[in-house]
Amino acid sequence: MKGLRKLRQRDLALLLIALTALLAVLWYVYLFRPATARIAQLEGEITQLGADIRVGEIARDNIAQLQAELERLELEKAAFLAELPLESEVASLIDQLRLGAEGAGVGFGSISKGGGSGEQIQGVRPIGFSVATEGSYPSTMGFMNILEGLQRFTKIQRVGFTVDEQGVEDPMLSTNYDFTVYVYTGETLEASAEGAP
């Protein structure tokens with residue numbers, strides 16, 4: 001009887017140990033590991049939130065500087081637009097080019113208006129032109145300098161030369177220029193200046 005009682009106690013102890021081990025494994029797998037993973041995830045989120053808070057604080061501290069930079073850029077934009085010719089002034093610009101061609105000593109052959117190419121900017125319209133001139137090399141280069149002098153609001157797209165081989169020492173150049181003139185089309189500059197604080 002004593003041996004059976006001891007065996008039963010031993011079996012009971014082994015059973016309790018096995019149940020305890022099983023409960024420990026289940027606790028580890030279903031409670032401890034998910035809780036540890038969740039804690040690590042929350043710590044990562046806290047670290048990210050801390051970094052976001054620091055970025056937000058830096059941005060908050062720089063708001064005045066950013067507003068000043070924005071105002072400076074707006075003034076630069078207004079100054080740039082003030083230098084552009086108005087759409088109504090394109091004819092006088094072409095007259096200027098014609099006079100420049102005469103002054104440089106080239107014949108102003110033809111001028112035609114085409115579609116303007118270039119990036120679209122609010123309040124600015126690109127107008128394309130093609131100009132044909134004829135003259136000696138020095139006079140052609142002089143006219144090209146005049147055209148390039150308008151670079152603040154003009155962009156030369158293409159220049160094509162044809163050489164008259166009869167005058168070998170001083171050949172005549174037939175030149176075609178494709179260029180784009182950028183004109184201001186928005187509200188008048190005076191009105192925008194009056195509306196400025």
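Keep in mind the model is a prediction, meaning the values are calculated, not measured.
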### Message
Is the distance from the ring center of Tyr177 to that of Phe143 below 6.0 Å?
### Response
yes

### Message
I need the Leu97 CG to Ile111 CD1 distance, nearest 0.5 Å.
### Response
6.5 Å

### Message
Grouping I, L, V, M, F, W and Y whenever their side-chain heavy atoms are under 4.5 Å apart, do Tyr184 and Leu75 come out in a common cluster?
### Response
no

#### Entry: Evaluation steps, salt bridge (charged side-chain N to carboxylate O under 4.0 Å, His left out), between Arg72 and Glu69
CA-CA 5 Å; Arg72 184 187 68 76; Glu69 180 69 11; 2.5 Å; yes

#### Entry: Taking every non-hydrogen atom, the tightest pair across Thr180 and Pro126
CG2-CB, 3.5 Å

### Query
How about Lys113 and Ile127: do any of their side-chain heavy atoms sit closer than 4.5 Å?
yes

### Message
Nearest 0.5 angstrom please: Asn62 CG to Gln67 CD, how far?
### Response
11.0 Å

### Task
Over all heavy atoms of both residues, which pair between Ala104 and Gly142 is shortest? Give the atoms and the distance, please.
CB-C, 4.1 Å

### Query
Atom CZ in Phe129, atom CG in Leu147: separation rounded to 0.5 Å?
11.5 Å

### Task
Under the side-chain contact (heavy atoms from CB on, under 4.5 Å) rule, what do Val131 and Asn176 come out as? Steps first, then yes or no, please.
CA-CA 6 Å; Val131 172; Asn176 291 308; over 6 Å; no

Taking distance alone, no hydrogens or angles, what donor-acceptor pairs closer than 3.5 Å link side-chain atoms of residues 15-31 to residues at least two apart or in another chain?
{"from": "Thr20", "atom 1": "OG1", "to": "Leu16", "atom 2": "O", "distance (Å)": "2.6"}

### Task
Give the cluster check for Val159 versus Ile94: same hydrophobic cluster or not, with ILVMFWY residues linked at side-chain heavy-atom distances below 4.5 Å.
yes

### Task
Taking the side chain as every heavy atom from C-beta outward, state whether Glu71 and Glu74 have any atom pair closer than 4.5 Å.
no

### Task
Could you tell me the separation between the CE atom of Met141 and the CG atom of Leu173, rounded to the nearest 0.5 Å?
6.5 Å

### Task
May I ask whether Val124 and Ile156 are part of the same hydrophobic cluster, defined by side-chain heavy atoms of I, L, V, M, F, W, Y residues being less than 4.5 angstrom apart, directly or through others?
yes

### Pairwise distance CD1(Ile58) to CD1(Ile63) - rounded to 0.5 angstrom
12.5 Å

### Query
What residue pairs, at least two apart or across chains, pass side-chain hydrogen bond (donor to acceptor under 3.5 Å, both in side chains) with a residue in residues 132-142?
Glu134-Ser174, Ser136-Ser139

### Task
Can you run down the side-chain hydrogen bond (donor to acceptor under 3.5 Å, both in side chains) pairs that involve residues 32-43, sequence neighbours left out, and say none if there aren't any?
Arg38-Gln41, Gln41-Glu45

### Nearest-0.5 Å distance, CD of residue Glu102 to CZ of residue Phe108
9.5 Å

